[in-house]
Trainee: 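Handing you a structure now.
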Protein chains: 2
Amino acid sequence: MQENARFSGKAASRRTDIRRENERLILTAAEKVFAEAGYGGATMQLIADMAGLPKANLHYYFATKEDLYRRVVQEIFEIWLNAAASFDAASTPAEGIGAYIEAKMDISRRHPHGSKVWAAEVMQGAPVIQDYLENTLRDWTEDRARVIQGWIDAGQMAPVNPRHLLYMLWAMTQHYADFGHQIETLNGGAPLTDRQWQEATESVKTIILRGVGLD
Amino acid sequence: MQENARFSGKAASRRTDIRRENERLILTAAEKVFAEAGYGGATMQLIADMAGLPKANLHYYFATKEDLYRRVVQEIFEIWLNAAASFDAASTPAEGIGAYIEAKMDISRRHPHGSKVWAAEVMQGAPVIQDYLENTLRDWTEDRARVIQGWIDAGQMAPVNPRHLLYMLWAMTQHYADFGHQIETLNGGAPLTDRQWQEATESVKTIILRGVGLD
DNA sequence: TCGCATCCTGACCGTATGGTCAAGACCAAA
DNA sequence: TTTGGTCTTGACCATACGGTCAGGATGCGA
């Protein structure tokens, strides 16, 4: 934020590096611990141990447990919002919906912890991110619902309720992250392989696209 | 368990009544509190207050917090297993899958708390019900996957991966319970009406049935 | 090298939690 | 009415948790 940054050339100052590095270390550990233990079950000590830092150091970078938690939730939310690009960039419904499914499945695979933290937050009534739901997400949803309705009106896909279609897309893609442990257990105890993830993605795409008349 | 029960006629003894009544009171309160706060965030005091009993009384009926929690999780699991009847009783794929969706959507509406507790438990790696996943649920899943594969082999529905189809059914139906708060927010802050629940169920059925070639 | 801001951390504190217990109330059979 | 089991509950305890703080280490521009 200071002008120093502008003069420090390509490499950030050591100080800035330390800050960024430690914040990243803490956020990564926190994401995992919050996902595996829930907000109430997570302890600052556990996060500190996983990050390899003393507990007091966490409180130097994040004033309170809730601050830290809020940052974790915000991160996954932003990742999801970015996935909307796949949706918007498309010119046909099949392309848009297909690409969105692929993007969300990919996120489920690469950010299973964040997805779980978000799910738990929403399940508990969104105590800390209610404003995101009421503003950003509501707008986002209405925009996309309108796009889908446009496709329907143009006869490009079967008439389905756009909102429920979106809910289904969220449900199915996030299920592979949130219920990953259950799926893994039903898969004989082994995580899905590359091939199995591809098969899952294809299954979702096939059924949904055909389901909305886009085969 | 004693022979007394057999001689006490139609009405259970006062003692038995008290026990049953209080256990039910506690389990209902616990289901709600565990759902809204998570296992770690839930406190015995909160559950006691909601049940209208002194905390010490909870420990008389349930030795530990974990015992109480386990009972709550078991209950929703059994409710879901019973929904399988709708699946099995059917003679055609459309009937079976349709009835299963309806049954699961109905459960999502009537037991949102239990669904959330189950979701949180699985998200955290199923620390207390791993054996259910590995035995009961695994068998259940394999059985149904076989039934679906049979339908496919008989040319009664499109060839899709039965497992992923089941995951999708779970994901979509449970989403309406687990993410009910998000859906409510996107619905203008109001819970879904009877009509809207029906519309949701129809949407899911329509897309899925058409998705597996059953329209 | 100096001086200052940032970073680090062991020790500490107040509080809230799960769980215990002993003493009593209630109930039903004898 | 007596007796023995079931149920109830306020008071209590040990522990674990989020958060604080003072004092020291480190990095960096001047």
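Hydrogens, waters and symmetry mates play no part in the numbers below; they use all other heavy atoms, side chains included. Everything numeric in this text was worked out from a predicted model, so none of it was measured. Reminder, nothing fancy here: chain letters follow the sequence lines and each chain counts from 1.
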Trainee: If a protein heavy atom is under 4.0 Å from the base, mark B; if only from the sugar-phosphate, S; if neither, -; do that for nucleotides 12-17 of chain D going 5' to 3'.
Mentor: -----S
Trainee: Scan Asn161(A), Val160(A), Leu166(A) and name whichever one has a side chain to side chain contact (heavy atoms under 4.5 Å, CB included) with Arg163(A).
Mentor: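 Per the side chain to side chain contact (heavy atoms under 4.5 Å, CB included) rule, the option paired with Arg163(A) is Asn161(A), out of Asn161(A), Val160(A), Leu166(A).
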Trainee: Does the pair Arg195(B)/Glu199(B) count as a salt bridge with the N-to-O cut at 4.0 Å?
Mentor: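 No, Arg195(B) and Glu199(B) are not salt-bridged.
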Trainee: For this output row, return yes or no: ring centroids of Trp80(B) and Phe77(B) closer than 6.0 angstrom.
Mentor: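 Centroid separation for Trp80(B) and Phe77(B): 6.0 Å or greater.
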Trainee: In whole angstroms, how far is the P atom of dT20(C) from the CG atom of Leu58(B)?
Mentor: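 Between P of dT20(C) and CG of Leu58(B): 13 Å.
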Trainee: Are Arg19(A) and dC7(C) close enough that a side-chain N or O sits under 4.0 Å from OP1 or OP2?
Mentor: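 Answer is yes, contact under 4.0 Å.
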Trainee: Are there over 12 heavy-atom neighbours, none belonging to Glu23(B), within less than 6.0 Å of that residue's CD?
Mentor: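 Yes, enclosed.
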Trainee: Return no unless some side-chain N or O of Tyr60(B) is found under 4.0 Å from OP1 or OP2 of dC7(D).
Mentor: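 Yes, within the criterion.
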Trainee: Output the rounded distance in Å from CG (Leu25(A)) to P (dC8(C)).
Mentor: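 Interatomic distance, CG of Leu25(A) to P of dC8(C): 11 Å.
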Trainee: Round to the nearest Å and state the distance from Ile26(B) atom CD1 to dT9(D) atom C1'.
Mentor: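 It is 13 Å, rounded to the nearest whole Å.
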Trainee: Please compare Ile18(B) and Tyr39(B) by the position of their nearest nucleotide in DNA chain C and report the one closer to 5'.
Mentor: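 The residue whose closest nucleotide sits nearer the 5' end is Tyr39(B).
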Trainee: Within this structure, what is the CG-to-C1' distance between Asn22(A) and dG27(D), rounded to whole angstrom?
Mentor: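 To the nearest whole Å, that distance equals 14 Å.
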Trainee: When you measure from the side chain of His59(A), which nucleotide among dG18(C), dT9(D), dG18(D) comes out closest?
Mentor: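 Nearest to the side-chain atoms of His59(A), counting from C-beta on, is dG18(D).
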Trainee: Check the distance between dC28(D)'s P and Asp17(A)'s CG and give it to me in whole angstrom.
Mentor: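 Rounded to whole Å, this separation is 9 Å.
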Trainee: Out of the candidates Trp118(A), Phe62(A), Tyr39(A), only one should pair with Tyr69(A) under the ring pair (Phe, Tyr, Trp, His ring centres under 6.0 Å) rule; please name it.
Mentor: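 Testing Tyr69(A) for a ring pair (Phe, Tyr, Trp, His ring centres under 6.0 Å) against Trp118(A), Phe62(A), Tyr39(A) leaves exactly one candidate, Tyr39(A).
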Trainee: Taking only side-chain nitrogens and oxygens of Asn57(A), does any of them come within less than 4.0 Å of OP1 or OP2 of dG10(C)?
Mentor: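 Checking Asn57(A) against dG10(C): no side-chain N or O falls below 4.0 Å of OP1 or OP2.
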Trainee: Can you identify which nucleotide, out of dT20(C), dC7(D), dT9(C), has its nearest atom closest to the Ala56(B) side chain?
Mentor: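 Of the candidates, dT20(C) comes closest.
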Trainee: Ring centroids only, cut at 6.0 angstrom: are Tyr176(A) and Trp170(A) within range, meaning strictly under it?
Mentor: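 Ring-ring flag for Tyr176(A)/Trp170(A): false, centres at least 6.0 Å apart.
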Trainee: Going by distance alone, is a donor N or O of one side chain under 3.5 Å from an acceptor N or O of the other, for Gln130(A) and His181(B)?
Mentor: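 The criterion, which ignores hydrogens and geometry beyond distance, is satisfied for His181(B) and Gln130(A).
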Trainee: Rounded to the nearest Å, what distance is computed from the CZ atom of residue Phe62(B) to the P atom of nucleotide dT20(C)?
Mentor: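 The answer, rounded to whole Å, is 16 Å.
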